[in-house]
Structure formats: structure tokens, C-alpha cells
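In what follows, a structure is listed as C-alpha cells, so that the remarks can point back to it.
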Amino acid sequence: MLRIALFLSACALALPAAVKKEPFGRTPDGQAVEIYTLSNPAGLTARIMTYGATVVSLKTLDQFDVVLGFDSLQGYLQEQPYMGAIVGRYGNRIAKGQFQLNGKPYRLAVNNGPNALHGGLRGFDKRVWKAEAKADAVAFTYSSAAGEEGYPGKLDVTVTYTLTPANELRIEYQAVASEDTVANLTNHAYFNLSGEPTILDHVLRIDADRFTPVDAGLIPTGELRDVTGTPFDFRKPTAVGARIDAQDQQIQFGGGYDHNWVLNGAAGTLRKVIEAYSPRSGRVLTISTTEPGVQFYTGNFLDGKLTGKGNRKYVRRAAFCFETQHFPDSPNKPNFPSTVVKKGVPLRSTTVWQVTKR
Ligand code: GLA
């Protein structure tokens, strides 16, 4: 019996994931939206739709959905904070929606006080992407026109989601520009590993010795500050809620965590840098990335007004986001890793989420 079971699970590990496509409704301007379900033989499933190349659900082996979102397309079309979506052309803020590239000034659509946030008024999260299913993956493509939201050059973007036998959702980003431009692509999934109202008891480790302090408008000052002795030190596993209300000026600015950590290790190589664990459920989320940073955001702006999946109200700090990315406002910070995408030189980036249980 045991031998048969071992044999079957070995077969399951060797088999690729399966992909299914279904209609998921239409946008108000009549564009059809499809949803793809990827499932691996071990039982992990991911549902990803063409609107925003959005991760709609990520169900663990025990059928628990670890991401926030909505039951239907309608929920995603209302004003909501980028749940599960790909954000771009530039994830996070560009101060005053302005920057210079090759000596030329550019003005972007401004949508967050005086600043540009997450790609502007209609970023990549609000576009219908094309999709192509592979054996164990779906490749989503979007062609962002030159001048869209103020950005120079056309940018052809491909985001490929692959479900692996190791219970990982692998996200690979590629983008090619027709002219020099700037780009910063990420996924804005909101995770809650236990189904409790908030993630304050989740234990987190971030492998980062430094973070980028911000001003009152959440624009980095340019400093890379040592985390030692601050509420930003997650090098040893620490409960998210342990210091989230500390009388620390940085925490006040974000209303909790809404900051970029400078990840240790060489950017460009895939390294395991984040581990989040729910003591209540035993579920573990591990994140590896090639990106130099992560915006760790604790859902400070959720206020209970949004009703999500299964009629659940999304209250403040109901979930956390790990937006693996380049640092905010990099186009105006010459000391930050560059976000310039040169004409014809592809941007490549990989982030892997693994969900397991202890
Ligand atoms: C990012 C930003 C936050 C907020 C959320 C979405 O994390 O840094 O300030 O905009 O996205 O609400």
C-alpha cells in the first residue's frame, strides 16, 4: 500500500500542471475576459484572468485560498486596490509624476496626491491582456503604446505564470521597449494565510539589512538605512503586529508598513528572501526573487468597505502584499538600481511564490 502511494506521489511530482480556460465576463466596453485555472497533480490551483493578468485565487493543497479578491469580474472592475493584479508600467510611486530620461523631461499621469502611483490612471492592472496557454503555464501579453500614461516608447510585456510540481507559482516578467523608457513590474497580491481578519499574528522574515526611508508622501528620501534597532528589522522571524504601531516616524508615514526593503544578495539572481508563516494554520509562504527590493505593505488603506470573496469584509490589515520590485521613485534617484529599459534590451525578472504547510 505504502509503496503504491509513494509510486503515485512520485508520478504526480513528475507530471506537469494542467490548464483550463473559461469565460469570466466582459468589461463595460465589451471586451471578453477569460480566466485560466492551473492545477498541479499535488492539488495546488491558481486562477488567473486576462483583466490585469490578475491572480484571482491561489488554493493550497487543503483547498484554502491564500489571496484576497472577488468572486466575479464585477468585483475587480470597481475601485479597488490592485488585488492580485500586475502593476505597471511603473509599480509604486514616481515623485510628482516627473522624471528625465536622456536629458528629456517626461510628465506622467498623476493619481496619488501629487505623485504617479502604480502606472497612473489606467495602468496594466486595468487592461485586458492576451493569453496563451502552455502545458503547465499561461503567458499573458500586453502592448503598452508609446505615450500611454505619459511614458516614452512602446513597451511589449509578457508575464508568464507557471505552476510547478514543487507547489510554486513562478512569475516571469519580460518587456521590450521600442525607445528607451522606465519600467518596474510586479504583482500586487494580498495574502492572508489563515483566514483570520488580519495578518498581525503572521510571523515574517525578510532577508534585508536596509530599507529606503520615505517622506510624508511615501517618496523615498534616497537614503538606504540600516534596519538594526528599528521596527523594520525582520531578519529574525517576528510577528507582523509586534511593532506595527511603534511610535516611529516611518511607521506613522505609512500607517503601518508600506515601505521598500533593500533585499540582501545579488539582484539578478533568484534568492529566497521572504518567509511568512501563520502559526494558527501552519501555512508558509516563501518568496524568491531576482528583484533588488520588496514593497512590504500591510493593507493599511483597507477599511472594511470592500466586500470580497464569500462576502468577507476586507478590514484594515486584512492581508499583506510583497511587491517584489525595484525601489520606488528610482527614475529620480541616481543612487538606486536603474529602472531604465533601453530600446531593444529586454527587461527580465522572476519572482516565485511557494505555499507549503508545516
Ligand atoms: C502600494 C503602495 C501603497 C498603496 C497600495 C495599494 O503598496 O505603496 O501606498 O497604494 O499599493 O493601495
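We count ligands from 1, going down the list as the structure has it; atoms in each ligand are counted the same way. Just so you know, residue 1 is the first one in the sequence shown, and it goes up from there. Note that these values count all heavy atoms, side chains included, but never hydrogens, waters or copies made by symmetry.
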task: Check each heavy atom of Asn112 against ligand 1 and say whether those closer than 4.0 Å belong to the side chain, the backbone, both or neither.
output: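 None of Asn112 does.
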query: Hey, which atoms in ligand 1 end up nearer than 4.0 Å to a heavy atom of Leu117?
result: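 Listed by number with element, the hits are 10 (O).
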- request: Give the atoms of ligand 1, by number and element, whose distance to some non-hydrogen atom of Glu323 is under 4.0 Å.
  value: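 Close to Glu323: 1 (C), 7 (O).
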- request: Select the closest option to atom 4 (C) of ligand 1 among Phe322, Tyr190, Phe301, judged by heavy-atom distance.
  value: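 Ranked by closest heavy atom to atom 4 (C) of ligand 1, first place is Phe301.
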query: Only one of Lys104, Lys342, Lys343 clears salt bridge (Lys or Arg N to Asp or Glu O under 4.0 Å) with Asp180; which?
result: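 Only one of Lys104, Lys342, Lys343 forms a salt bridge (Lys or Arg N to Asp or Glu O under 4.0 Å) with Asp180, namely Lys342.
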Heavy-atom nearest neighbour in the protein, as seen from [atom], with distance rounded to 0.1 Å:
atom                    : result
atom 3 (C) of ligand 1  : Asp258 OD2, 3.0 Å
atom 12 (O) of ligand 1 : Pro81 CB, 3.6 Å
atom 6 (C) of ligand 1  : His188 NE2, 3.6 Å

Pair [X] + [Y]: ring centers closer than 6.0 Å:
X      : Y      : value
Phe211 : Phe296 : no
Tyr161 : Phe140 : yes
Phe191 : Trp353 : yes

- prompt: Going by distance alone, is a donor N or O of one side chain under 3.5 Å from an acceptor N or O of the other, for Thr289 and Arg271?
  reply: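 The criterion, which ignores hydrogens and geometry beyond distance, is not satisfied for Arg271 and Thr289.
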